[in-house]
Amino acid sequence: MPELPEVEHAARVLRAAIAGHRIVRVRVLHPALRRALPPSAQRRLTGRVVQDVVRRGKHQVLHLDNGTALVAHFRMTGDWAVGRVDEARERYARAELEVDDGTRVTLADPRALATLTLAADPADVLPVLGPEPDDASLTPASLAASLARRRGAIKPALLDQRVIAGVGNIYAAEALWRARIDPRTPARSLGAARLKRLIAAIRAVLRRAPAGRYQADVAVSRWNVYDREGLTCHRCGGTVKRIVQAGRSTYYCPKCQT
DNA sequence: ATAGGCCTGGAC
DNA sequence: GTCCAGGCCTAT
């Protein structure tokens, strides 16, 4: 589920649920998550007040009252579920945070690939990230500069979080469709005019994303190319094609993306 | 650049 | 059973 719009929503949900509250109990319910959040970190979390929750790329940073931070990343299937401590455990609950007013936030994650990391400083665990898509510093010139030394195609480059933070596989494909750019185009060959279109397209597809969590049934009707192999391009009547780039599916229309 | 690994569920 | 999955890391 989680690309930037969904993570943004999740961070808002989390902020509304626990910002300003003290963590009174931490549970880790899956061994894989236990690797990232050992008992010592669980103890250090307990008793802290969550001062704020901010999103950076697809990471969520929970700033705590002693200057440390809990960094969450949903990977493929993570999400928060907000409930009360007396309610039944969520399906796929991998970790739970209980705060001082009886609210319980559950990290629900079927594939258990999500990560929680407690850090003295969020900079210790956050990777180097490029500009946010809506940041004014993202310009055709800045994008050209960050693509200049790359060898590969534009689509995998868009998935590199150092280029632009928060663009995932679906929105990369959708943005390239909207900008009419072939995903196989060498990244460094794109000129200012196409980069300008690409930036506008990225912003547009992210803005038009559903506000809430990912829902496959809603999404299917929204995408122009993603998961539409063999179907008709809404724009030119061509046939949407699926290829694999850097191990990931890419969907595009060979007729109008050039 | 690509392959494999992390995990599990769902579609076939 | 097999293949696929919206992410990302490590090794080659």
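Side-chain atoms are counted along with the backbone in the values below, which use heavy atoms only and exclude waters and symmetry mates. Every chain is numbered from 1 and lettered A, B, ... according to where its sequence line falls, protein lines coming before strand lines. It should be emphasised that the depicted structure is a prediction, and the values quoted were computed from it without experimental measurement.
In DNA chain B, consecutive stretches of 3 or more Watson-Crick or G-U wobble pairs with both distances under 3.5 Å are given as paired ranges: B:1-6 with C:7-12, B:8-12 with C:1-5.
Residue pairs meeting the salt bridge (Lys or Arg N to Asp or Glu O under 4.0 Å) criterion with at least one member in residues 122-132 of chain A, sequence neighbours excluded, are A/R55-A/E132, A/R56-A/E132. Among residues at least two apart or in separate chains, side chain to side chain donor-acceptor pair (under 3.5 Å) pairs with a member in residues 151-166 of chain A are A/R150-A/D160, A/K155-A/N169, A/K155-A/T250, A/D160-A/R162.
Looking at residues two or more places apart in sequence or on another chain, you find no salt bridge (Lys or Arg N to Asp or Glu O under 4.0 Å) involving A/R180. Residues passing the side chain to side chain contact (heavy atoms under 4.5 Å, CB included) test with A/E229, sequence neighbours excluded: A/R242, A/Y251. Partners of A/R194 by salt bridge (Lys or Arg N to Asp or Glu O under 4.0 Å), not counting sequence neighbours: none found. A/Y252 meets the side-chain hydrogen bond (donor to acceptor under 3.5 Å, both in side chains) test with A/R184; sequence neighbours excluded.
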Protein and nucleotides 7-10 of chain C: nitrogen or oxygen contacts under 3.5 angstrom:
unit_1 : atom_1 : unit_2 : atom_2 : d
C/dG7  : OP1    : A/K58  : NZ     : 2.9
C/dG7  : OP2    : A/N169 : N      : 3.4
C/dG7  : OP2    : A/R248 : NH1    : 2.9
C/dG7  : OP2    : A/R248 : NH2    : 2.2
C/dG7  : N2     : A/R75  : NH1    : 2.4
C/dG7  : N3     : A/R75  : NH1    : 3.3
C/dC8  : OP1    : A/H73  : NE2    : 2.7
C/dC8  : OP2    : A/K58  : NZ     : 3.2

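The residue A/R242 sits close only to the backbone: its heavy atoms come under 4.0 Å of sugar-phosphate atoms, none of a base. When heavy atoms are screened at a 4.0 angstrom cut-off, A/G247 is found touching no nucleic acid atom at all.
One interatomic measurement links the two molecules: CZ of A/R151 to P of B/dT2, which rounds to 12 Å at whole-angstrom precision. Atom CD of A/Q245 is separated from atom C1' of B/dT2 by 13 Å (rounded to the nearest Å). Between the P atom of B/dT8 and the CG atom of A/D79 lies a distance of 18 Å, rounded to the nearest Å. Counting to the nearest Å, the C1' atom of C/dA5 and the CD atom of A/E229 are 15 Å from each other. The CG-C1' distance, from A/D227 to B/dA11, rounds to 12 Å in whole Å.
The side chain of A/S249 contributes no N or O atom lying less than 4.0 Å from OP1 or OP2 of C/dC4.
Residues A/I23 and A/L37 share a single hydrophobic cluster, defined by chaining ILVMFWY side chains whose heavy atoms lie under 4.5 Å apart.
For the pair A/E98 and A/R25, the salt-bridge criterion is not met [side-chain N within less than 4.0 Å of a carboxylate O].
Grouping Ile, Leu, Val, Met, Phe, Trp and Tyr residues whose side-chain heavy atoms lie under 4.5 Å apart, directly or via other members, places A/V125 in a hydrophobic cluster with A/V54, A/V61, A/V71, A/L126.
Closest to the side chain of A/Y251, out of B/dA1, B/dT8, C/dA5, is C/dA5.
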